[in-house]
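Quick note: residue numbers are just sequence positions, from 1. Just so you know, ligand 1 is whichever comes first in the structure, and atom 1 is the first atom listed for that ligand.
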Amino acid sequence: MYNLNGQVAIVTGAGSGIGRAIALRLSLEGATIVAADLNGDAAEKLIEEIKGLGRRGLAVQVDVSSEKDVERTVKETMDNFAQIGILVNNAGTGSMGLIIDQSEEDWERPMRVNLRGTFLCCRTVAKEMIPRRRGRIVNIASIAGKSGEEFIGAYCASKFGVIGLTQALAKELGRYRITVNAVCPGYVWTPMWEDLAKWFKENFPSLADKSLQDIFENRVKSVTPLRRPQTPEDIASLVAFLVSEEAGNITGQSINVDGGAVMH
Ligand code: NAD
């Protein structure tokens, strides 16, 4: 366990999958959670659950790619809790298809949410962290940000961008004792992967009679030395460490939680 008592953490995309597990874990460690999600109802539901566990939190409906929304989220957090010690940029979206078939919007969507959204949240929150000379930023990238993959080119490009942004920010913010790291999940069964499996099923006749779960598990077995998927809690464990006092000398890193699928 890490002691996050007295810390305030903004977790974007906290309404589902990996973000939800991160918010619950940081809350268990003692942090007050600001659940920021496009799906306001899902964020509200999570905060009710957190309050039911006797912890503090606030739900905010936000589109991370909107400067206005991000500024409002940070203002609401400051008005309610007067500080932000932790930012986890987890909100993300995919885009499937061969690059030669993609429209400009297919390309723009992951760039807008995954990369621009991470930039906007880092920029706005860092301005609140700098005067306090302390902060922890964790960006949820992907192993697709380390090694290009067919059919998810725009998503890969956005996640490579997140890793570059993480390194640049770690250099800019280190003097203020703010650490910036990325966590790169491998294969986690969430609504995002369900959409990907649906796309494979629709586009590959050999997969037409397979269940979505089978498509996912076969993929995991074929590319992962440990031969099993990761859970949202696996990802949350590393995030909890990276935002703790113990990780104060780690910055600019992009760490895979992927069963060994990618080894750099
Ligand atoms: P998910 O679809 O279950 O959850 C994504 C959440 O982000 C949802 O609650 C959604 O409402 C929210 N969101 C989407 N667009 C948003 C926006 N513009 N503003 C605010 N919130 C928005 O997905 P997940 O699998 O939990 O993915 C979480 C993160 O992990 C993403 O960044 C994803 O790229 C990354 N990731 C996932 C996997 C995986 O295997 N699932 C692997 C590598 C990386």
Side-chain angles (χ1 to χ4, degrees), residues 10-25 34-47 59-70 72-73 87-96 108-121 124 138-147 149 152 154-163 165-166 182-200 212-213 215-217 219-220 223-224 228-236 238-239 254-259 261-262:
I10 297 182
V11 182
T12 70
S16 172
I18 295 171
R20 191 184 134 76
I22 293 170
L24 284 169
R25 176 68 192 262
V34 177
D37 203 296
L38 192 59
N39 183 339
D41 291 342
E44 288 284 355
K45 223 170 125 211
L46 172 72
I47 291 301
V60 184
Q61 199 270 333
V62 58
D63 176 350
V64 292
S65 68
S66 150
E67 184 178 47
K68 202 162 62 65
D69 278 17
V70 170
R72 175 177 45 81
T73 302
L87 168 66
V88 183
N89 286 301
N90 163 83
T93 191
S95 166
M96 274 75 89
E108 296 284 344
R109 193 171 0 95
M111 290 296 173
R112 208 164 49 225
V113 178
N114 304 352
L115 187 51
R116 179 187 151 97
T118 300
F119 152 69
L120 288 174
C121 292
T124 315
V138 177
N139 297 325
I140 306 302
S142 170
I143 54 170
K146 294 256 184 104
S147 180
E149 275 300 332
I152 52 167
Y155 178 79
C156 286
S158 73
K159 294 294 188 177
F160 269 77
V162 168
I163 291 176
L165 176 64
T166 300
V183 169
C184 302
Y187 298 87
V188 188
W189 183 249
T190 65
M192 182 181 276
W193 232 106
E194 209 172 321
D195 283 348
L196 193 56
K198 266 184 214 149
W199 185 87
F200 279 116
L212 299 180
Q213 191 90 34
I215 293 170
F216 171 71
E217 280 175 10
R219 172 84 181 161
V220 171
V223 296
T224 307
R228 62 187 166 88
Q230 291 73 62
T231 64
E233 291 73 23
D234 290 335
I235 313 305
L238 179 58
V239 174
S254 310
I255 306 173
N256 306 341
V257 182
D258 67 342
V262 172

Extract all donor-acceptor atom pairs below 3.5 Å that involve side chains of residues 182-200 and protein atoms in other chains or at least two apart in sequence.
unit_1 : atom_1 : unit_2 : atom_2 : d
W189   : NE1    : Q213   : OE1    : 3.4
T190   : OG1    : M192   : N      : 3.3

Using a 4.0 Å cut-off to any heavy atom of [X], which atoms of ligand 1 qualify?
{"X": "I18", "answer": "26 (O), 30 (O), 37 (C)"}
{"X": "W193", "answer": "39 (C), 40 (O)"}
{"X": "V188", "answer": "39 (C), 40 (O), 41 (N)"}
{"X": "A141", "answer": "35 (C), 44 (C)"}
{"X": "G17", "answer": "3 (O), 26 (O)"}
{"X": "V62", "answer": "19 (N), 20 (C)"}

Starting from the C-alpha separation in whole Å, work towards a yes-or-no answer on side chain to side chain contact (heavy atoms under 4.5 Å, CB included) for I10 and C121.
CA-CA 9 Å; I10 297 182; C121 292; over 6 Å; no

If the contact criterion is a heavy-atom separation under 4.0 Å, does [X] count as touching ligand 1?
{"X": "A14", "answer": "no"}
{"X": "G186", "answer": "yes"}
{"X": "Y155", "answer": "yes"}
{"X": "R112", "answer": "no"}
{"X": "A42", "answer": "no"}
{"X": "D37", "answer": "yes"}

So which protein heavy atom does [atom] come closest to, and at what separation?
{"atom": "atom 15 (N) of ligand 1", "answer": "V113 CG1, 3.8 Å"}
{"atom": "atom 18 (N) of ligand 1", "answer": "D63 OD1, 2.9 Å"}
{"atom": "atom 3 (O) of ligand 1", "answer": "S16 OG, 2.6 Å"}
{"atom": "atom 5 (C) of ligand 1", "answer": "G92 O, 4.0 Å"}
{"atom": "atom 19 (N) of ligand 1", "answer": "V64 N, 3.0 Å"}
{"atom": "atom 23 (O) of ligand 1", "answer": "M192 CB, 3.5 Å"}

With no hydrogens and no angle check, is any side-chain donor or acceptor of [X] less than 3.5 Å from a backbone partner on [Y]?
{"X": "R72", "Y": "Q61", "answer": "yes"}
{"X": "T118", "Y": "N89", "answer": "no"}
{"X": "D37", "Y": "A14", "answer": "yes"}
{"X": "N39", "Y": "G15", "answer": "no"}
{"X": "N90", "Y": "I140", "answer": "no"}
{"X": "R109", "Y": "G94", "answer": "yes"}
{"X": "N256", "Y": "V262", "answer": "yes"}

With backbone taken as N, CA, C and O and side chain as the heavy atoms from C-beta onward, which portion of [X] lies under 4.0 Å from ligand 1: side chain, backbone, both, or neither?
{"X": "T12", "result": "neither"}
{"X": "R20", "result": "neither"}
{"X": "T190", "result": "side chain"}

Backbone or side chain, does any N or O of [X] fall under 3.5 Å from an N or O of ligand 1?
{"X": "I143", "answer": "no"}
{"X": "G19", "answer": "no"}
{"X": "Y187", "answer": "no"}
{"X": "P185", "answer": "no"}
{"X": "S65", "answer": "no"}
{"X": "L38", "answer": "yes"}

Nearest 0.5 Å, please: how far is CZ in F119 from CE in M111?
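Nearest 0.5 Å value for the CE-CZ distance: 15.0 Å.
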
Drop me the distance from E233's CD to L24's CG, to the nearest 0.5 angstrom.
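Here the rounded value is 8.5 Å.
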
So which heavy atom on L46 is nearest to which on R20, and how close?
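Closest heavy-atom pair between L46 and R20: CD1-NH1, 3.7 Å.
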
Can V162 and L115 be said to form a side chain to side chain contact (heavy atoms under 4.5 Å, CB included), step by step?
CA-CA 6 Å; V162 168; L115 187 51; 4.1 Å; yes

Partner set under ring-ring contact (aromatic ring centres under 6.0 Å, His included) for F160, not counting sequence neighbours
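Not a single residue meets the ring-ring contact (aromatic ring centres under 6.0 Å, His included) criterion with F160.
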
Check each of N90, N89, I140 against atom 31 (C) of ligand 1 and report the one with the nearest heavy atom.
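Comparing heavy atoms across N90, N89, I140, the nearest one to atom 31 (C) of ligand 1 lies in N90.
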
Might you work through the side chain to side chain contact (heavy atoms under 4.5 Å, CB included) test for N114 and T93, ending with a clear yes or no?
CA-CA 7 Å; N114 304 352; T93 191; 4.0 Å; yes

